J.: 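A single structure is presented below for examination.
All values below come from the heavy atoms of this structure, side chains included, with hydrogens, waters and symmetry mates left out. Quick caveat: nothing in here was measured; it's all calculated off a predicted structure. Letters A, B, ... mirror the listed sequences (proteins, then strands); counts begin at 1.
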Amino acid sequence: MADVQVYKKSTAEFNLGQRRARKSMRGQIMMFSLMIFLTIMSFSMVMAYQADVIGFSKYLIIPTLMLFAAVQVGLQLYYFMHMNEKGHGIPQMFMYTGVILAFTVVLTFSTIIWW
Amino acid sequence: MSSVAQKRGFGATLWDWLTTVDHKKIGILYLLGGGFFFVVGGIEAMIIRVQLLTPNNDLVSAGIFNQIITMHGTTMIFLAAMPILIGFMNAIMPLQIGARDVAFPFLNSLGFWMFFFGGVFLNISWFFGQVPDAGWTSYASLAMASEGHGVDFYAIGLQIAGGGTLLGGINFLVTIINMRAPGMTYMRMPLFTWTTFVASAMILFAFPPLTVGLFLLTFERMFGANFFDPTMGGNTIIWEHIFWIFGHPEVYILILPAFGIFSEIFSIFSRKRLFGYSAMVFATVLIGFLGFMVWAHHMFTVGLGPTANAIFSVATMAIAIPTGVKIFNWLLTIWGGSIKVTTPMLWALAFIPTFVMGGVTGVMLGTAPLDYQLHDTYFVVAHFHYVIVGGTVFGIIAGTHLYWPKMFGTMLNEALGKVTFWFFFIGFHLTFLIQHWLGFWGMPRRVFTYMDGQGWNSANVISSVGALFMAIGITIMVYNIIVTSIKNVRVANDPWGDGRTLEWAIESPPVFYNFAQTPLVRGLDTVYIEKMEGNLSGITPAEPVQDIHMPNGSFIPFMLSLGLFIAGFGAMFRTEEPWGMAVLIIGLVWTFAAMAMRSLKDDLGFYVKKEDILKDMKRKGGQK
């Protein structure tokens, strides 16, 4: 069998790791609160629309909901699925390529077939 | 387990090939499978040319002619060109990046068997007498009108084969991203590896649309859905879009690996570093990206409107720029080189003018107003044969000659190789050059015969004679392969003498674990660098000799694909035969049972022991 190698961290490395973990935790909790806040906003907007509150029209709420959804997807990917960390360049590249290609297709279909 | 060759019975050998997960053997299987379908597609091409030899010919009926052209196109694209290229990717790419296998050896095997069973499924249609006849693009209005099960064979067969290709593409991507040897940065990868990478990424993005399209077609024809039927609220143009969203990237999937092979050839036989390496990489990536932005240029005459036509027309012409970059880089690689005109180099030299001609007619067709004149004429036929044969098939044959020693350990006869070249090259231009004029003279494509007195007679005779020349060329190549295999004269690591990349620093064919020690890569053309610095082995090891972990063979991929094959027949005869439904269920249960077996049974592979590796190295004289 290939040998299992054990690597012992120095104190400085250990402290650096600790500090990074704390920073990452702080970021995650902040983003989690932000996401909860966005969710509450979304729900309340729809509730307000259903309760016929003045100023909450469909044309305001739907784009805002879309925007919130996009932000949530971004936060989810970058903070909870760790895309903001190192070594995620390739997944990012493939995801953005896919997004661009899908966008082109949807744009073409909606302008020249379904319009 | 030792890699020393042992005498084995036929059964054991067959079992070995059926269960292999070794990328080199799977590469050979792809080459054999693709080669078989290439011959099938070639025979269909010959029948087409004989039928069109004289006006009012009645060798085949109009219906059978439709079936033959459909199967010729489908077979050549999906079952010949792509599998053979994937075969080269399999056999060579892991060696070029210093890996011991692909990232997912099991999936690699599954990919091959799905391609194989999909291809067999498609071609079994001949025995049922119900053959796909809606063209290789299978436009929905034709596909829906097609009677019998022909188009069903197309939809299900391609679905199975396409799944295999998608598995292969993902596998190569993960392999290139994760399994490069130490020091092999992206910008040190050989160009064939780069083109494999970009082609695989294109497979990743282009095949899902095909899968969706084929599912829609399958449900439309077999399960009563109405996606494409305008009388039921569907839209027949949707299929054309979906097909070409896949289909246009597909032609770049076909050409990019061929570009890679030619880049290797130019560099090896000009005995120079590839000119403008980084520009070549950039051009490859750009072609890959733009390839997705131009699909509607196949549909100019559909009536998309002037704005859409203009946008797609401009995007199409933009592709000529990175392609031009490549052409000039190849020319400048040859420029001032110490050129050896071997068989692969001969093909590569012929490729440049041939492919440029195909590219120029491509820009002509990309001009929307001119396309209205040329659409559905023989000009289109001439154009795509110039790029696909002049690019991909030339690349495949050049690659066969170049990599044959690496894959099989024997050298194809150079003299016969050159005879093959001249027959095929002359035959090719004889067949297709005149077809440009046939297009100008108004001969529509896909017609099964034509009337006398339209001025098309002699051009068609010339075209058919050319096809005969090509057939002779291929026959000589097959003869060459057989003779070479029988003589079985073994060759050394680098039989061409000027190999620059890692595959030429290990024996031909390599041991099953490829590299006794993972190599350290110190630059582009790493073997060349090592040799220039006096290291004749061409490799600096990056690790001590140690146990190597390798995967076990598996029969599950074969069984899994067989299950899908059986289910395909069930789906097709579901309503009209009493056994249809049962067969569909049996096939699917079979498939899921095979999946379950793979999931539930742990297979951790095995270790090649250090002592065995040392023994192998001693036998080769690599280590004293």
Side-chain angles (χ1 to χ4, degrees), chain A residues 1-10 12-13 16-17 20-21 24 27 58 62-63 66-67 69-115, chain B residues 169-170 173-174 176-178 186 197-198 200-202 204-206 208-209 212 234-242 244-246 248-249 285 288-296 299-300 302-312 315 543-549 604 606-610:
Chain A
M1 293 291 140
D3 293 328
V4 177
Q5 290 180 342
V6 180
Y7 177 74
K8 202 152 168 46
K9 285 180 180 171
S10 71
E13 274 179 310
L16 182 67
R20 283 197 178 141
S24 159
K58 219 163 50 174
I62 291 176
M66 293 288 210
L67 182 69
V71 172
Q72 295 245 22
V73 168
L75 291 178
Q76 180 78 30
L77 288 171
Y78 275 86
Y79 280 88
F80 296 110
M81 298 181 81
H82 301 282
M83 255 171 64
N84 57 348
E85 291 170 19
K86 270 188 188 162
H88 290 70
I90 296 282
Q92 284 191 24
M93 187 190 78
F94 276 91
M95 282 172 67
Y96 285 119
T97 312
V99 167
I100 293 171
L101 299 184
F103 176 75
T104 320
V105 168
V106 172
L107 183 70
T108 314
F109 273 41
S110 46
T111 47
I112 64 180
I113 305 180
W114 294 321
W115 193 349
Chain B
I170 293 171
L173 283 177
V174 180
I176 295 175
I177 292 169
N178 286 334
Y186 282 108
F197 184 71
V198 176
S200 302
M202 298 186 77
L204 177 67
F205 289 118
V212 170
N235 186 342
T236 181
I237 302 297
I238 298 270
W239 165 268
E240 297 188 25
H241 276 287
I242 293 177
W244 287 116
I245 287 170
F246 148 78
H248 197 80
V285 175
F289 186 75
L290 288 177
F292 282 92
M293 304 291 166
V294 298
W295 76 88
M299 304 164 60
F300 282 152
V302 162
L304 308 175
T307 315
N309 276 8
I311 292 171
F312 281 102
E543 60 176 16
V545 179
Q546 57 189 12
D547 294 353
I548 296 171
H549 184 223
L604 300 174
F606 67 97
Y607 279 91
V608 188
K609 290 272 171 287
K610 189 177 166 185

J.: What's the separation between atom CZ in B:Phe292 and atom OG1 in A:Thr97, rounded to the nearest 0.5 Å?
T.: 9.5 Å
J.: Chain B heavy atoms under 4.5 Å from A:Thr108: which part of the residue, side chain, backbone, both or neither?
T.: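 Side chain of A:Thr108 only, per the 4.5 Å heavy-atom cut-off to chain B.
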J.: Heavy-atom distance under 4.5 Å between the side chains of B:Met293 and A:Ile100, does that happen here?
T.: yes
J.: Given that the side chain runs from C-beta out, which part of B:Ile245 has a heavy atom under 4.5 Å from chain A: side chain, backbone, both or neither?
T.: side chain
J.: What's the spacing between B:Tyr186 OH and A:Ile90 CD1 if we round to 0.5 Å?
T.: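 Going from the OH atom of B:Tyr186 to the CD1 atom of A:Ile90 covers 3.0 Å.
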J.: What distance do A:Ile113 atom CD1 and B:Ile238 atom CD1 have between them, rounded to the nearest 0.5 Å?
T.: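 It is 4.0 Å, given to the nearest 0.5 Å.
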J.: Given that the side chain runs from C-beta out, which part of A:Phe109 has a heavy atom under 4.5 Å from chain B: side chain, backbone, both or neither?
T.: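 For A:Phe109, side-chain heavy atoms alone lie under 4.5 Å from chain B.
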J.: Need one label for B:Ile311: side chain, backbone, both or neither, based on atoms under 4.5 Å from any heavy atom in chain A.
T.: neither
J.: Atom CE of residue position A:Met93 - does it have more than 12 heavy atoms of other residues, nucleotides or ligands inside 6.0 Å?
T.: yes
J.: With a 4.5 angstrom heavy-atom cut-off, could you sort out which part of B:Ile548 is near chain A: side chain, backbone, both or neither?
T.: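 Neither part, no heavy atoms under 4.5 Å.
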J.: Taking all non-hydrogen atoms of both residues, which atom of A:Phe94 and which atom of B:Ala201 are closest, and how far apart?
T.: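 Distance-wise, the nearest heavy atoms are CE2-CB, 3.8 Å.
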